[in-house]
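Some notes on the structure that comes next.
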Amino acid sequence: MLTKILRIDEVHKNETAIREAGEIIKAGGLVAFPTETVYGLGGDALNPASSRKIYEAKGRPSDNPLIVHITDMEALPAIVKSVPETGKKLADAFWPGPLTMIMEKSALVPKETTGGLDTVAVRMPSDAVALAFIRAAGGYVAAPSANRSGRPSPTRAAYVAQDMDGRIEMILDGGDATLGLESTIVDLTVEPPVILRPGFITGEMLRQKLGRVEEDRTLFSDDSGQAPKAPGMKYRHYAPKGELVIVKGAAEAVTDYINVQLAGERRNHKKTGVIATDETIAGYRADVPRSVGKRVDAAAAAKGLYRILREFDDEGVELIYSESFDGEGVSQAVMNRLLKAAGHKVINV
Ligand code: AMP
Ligand code: MG
């Protein structure tokens, strides 16, 4: 299959391209498209054959459900049993935006789209190209991140092409994703609601609207003895090809420890990488050192993380050490992705 890549600068100047992308979805094909979080791999959410194609293109296990993307509140009642009060409040506050809500699904949504579950994950993105595309596609676009399963989520069209060239009909190139990290996922089918994936809409922000909101205990540790609530949480995610280890402790101790390890790896002729911050990056002697930005700027870390992980792959890095990120809010989202990418390998120094 030839994958067509179309650059979209402004929606109103590229109406033909967006219409063409919408027609592909209506005909049962797949189109990758930009959103404010990461690029999505879109198919018709109400067509079981389209969802099966998404799993195939991604190489994703079919019990890992997809997120259904909509463009307006009028579209919601048709795909859920009923819209809970909590859902109305959160939609008012945070949609369009980087928040995914899980509700009981209606019969209109095929089980292929929800990984066999009776619940459906729904999001209304804010990106202008995403909204125009979903509208052109009929209003319900199922889309996981547009990476091959297990790889870091793509934050630009070139990264989508690395993973999906020849596997899908079209990629809409809308430039770099503004946020760079996947949406917050909150499960509204339980009381109190539970955060299944942290993101830019933080626990604190959700609590301000709903009162009590819990965090799934498996988000930051893999030894809680609990089965993960979202099927996707059990799979290794976001991983670079090299081994990734997170080092936790006081700043100086972390730098010293990592440098000793790097020296050892150099003797073994292994290519090394480091993930650090502007404050510390100059102190590391790695083959490929990368800063995520200033330590206080969690949004910058969120935006740059997946690009950096892919750069390690492009450079053939075999072993990566990362500083850890301990703050609240968006920092937690960054740390959650790092832990998954590292397969929870953490060294305390
Ligand atoms: P991705 O689109 O690649 O960011 O992955 C979508 C994420 O949403 C996966 O981790 C899924 O497990 C999660 N998800 C989607 N639908 C549901 C659902 N009905 N219940 C729980 N988690 C879901
Ligand atoms: Mg994903």
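These numbers come from a predicted model, not from an experiment. For ligands, and for the atoms within them, numbers begin at 1 and follow the listed sequence.
Under the side chain to side chain donor-acceptor pair (under 3.5 Å) criterion, Lys26 pairs with no residue at all, not counting sequence neighbours. By the side chain to side chain donor-acceptor pair (under 3.5 Å) test, Glu10 is found to be paired with Lys13, residues two or more places apart in sequence or in another chain being considered.
Residue-level proximity to ligand 1 for Arg60 is carried by the side chain, the only part with a heavy atom below 4.0 angstrom. Of all the heavy atoms of Ile185, the ones lying under 4.0 Å from any atom of ligand 1 belong exclusively to the side chain. Residue Asn64 touches ligand 1 through its side chain alone, judged by heavy-atom distances below 4.0 Å. With a heavy-atom cut-off of 4.0 Å, Ala143 touches ligand 1 through its backbone alone. Counting heavy atoms under 4.0 Å from ligand 1, residue Ile102 touches it through the side chain alone.
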Would you sort out whether Glu85 and Lys89 count as a salt bridge (charged side-chain N to carboxylate O under 4.0 Å, His left out), showing the intermediate values?
-> CA-CA 6 Å; Glu85 280 308 311; Lys89 278 191 198 160; over 6 Å; no
Given the rule in the side-chain contact (heavy atoms from CB on, under 4.5 Å) test, do Ser322 and Leu244 qualify, once you have shown the distances and angles that lead to the verdict?
-> CA-CA 7 Å; Ser322 177; Leu244 172 60; 4.0 Å; yes
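In this structure, NZ on Lys58 lies 11.0 Å from CD1 on Ile168, to the nearest 0.5 angstrom. Taking CD1 of Ile201 as the start and CG of Leu90 as the end, the distance is 9.5 Å to the nearest 0.5 Å.
For the Mg ion (ligand 2), protein N, O or S atoms under 2.8 Å: 1 in total.
For the pair Arg197 and ligand 1, a heavy-atom separation below 4.0 Å is found. Heavy-atom distances between Val38 and ligand 1 stay at or above 4.0 Å for every pair.
A salt bridge between Asp313 and Arg151 is present, with a side-chain N of the basic residue lying under 4.0 Å from a carboxylate O of the acidic one.
Applying the 4.0 Å criterion to heavy atoms of Thr119 picks out, from ligand 1, the atoms 18 (C), 19 (N), 20 (N). Interface atoms of ligand 1 facing Ser145, defined by a heavy-atom separation under 4.0 Å, are 1 (P), 2 (O), 3 (O). Atoms of ligand 1 lying under 4.0 Å from at least one heavy atom of Leu66, given by number and element, are 15 (C), 16 (N). The atoms of ligand 1 that sit less than 4.0 Å from any heavy atom of Leu117 are 18 (C), 19 (N), 20 (N).
The side-chain hydrogen bond (donor to acceptor under 3.5 Å, both in side chains) analysis of residues 66-82, with sequence neighbours excluded, yields no pairs.
Side-chain atoms of Asp127 and Thr35 include no donor-acceptor pair closer than 3.5 Å. Under 3.5 Å, the side chains of Arg266 and Thr272 contain no donor-acceptor pair of N or O atoms. In the model, Glu323 has a side-chain atom that pairs as donor or acceptor with a side-chain atom of Thr280 under 3.5 Å.
For Lys58, no nitrogen or oxygen atom sits less than 3.5 Å from a nitrogen or oxygen atom of ligand 1, counting backbone and side chain alike.
Pro125 pairs with exactly one of Thr37, Ile70, Val141, Ile134 by the side-chain contact (heavy atoms from CB on, under 4.5 Å) rule, that one being Ile134.
For atom 23 (C) of ligand 1, the candidate residues are Gly115, Gly40, Pro65; the nearest heavy-atom contact is made by Pro65.
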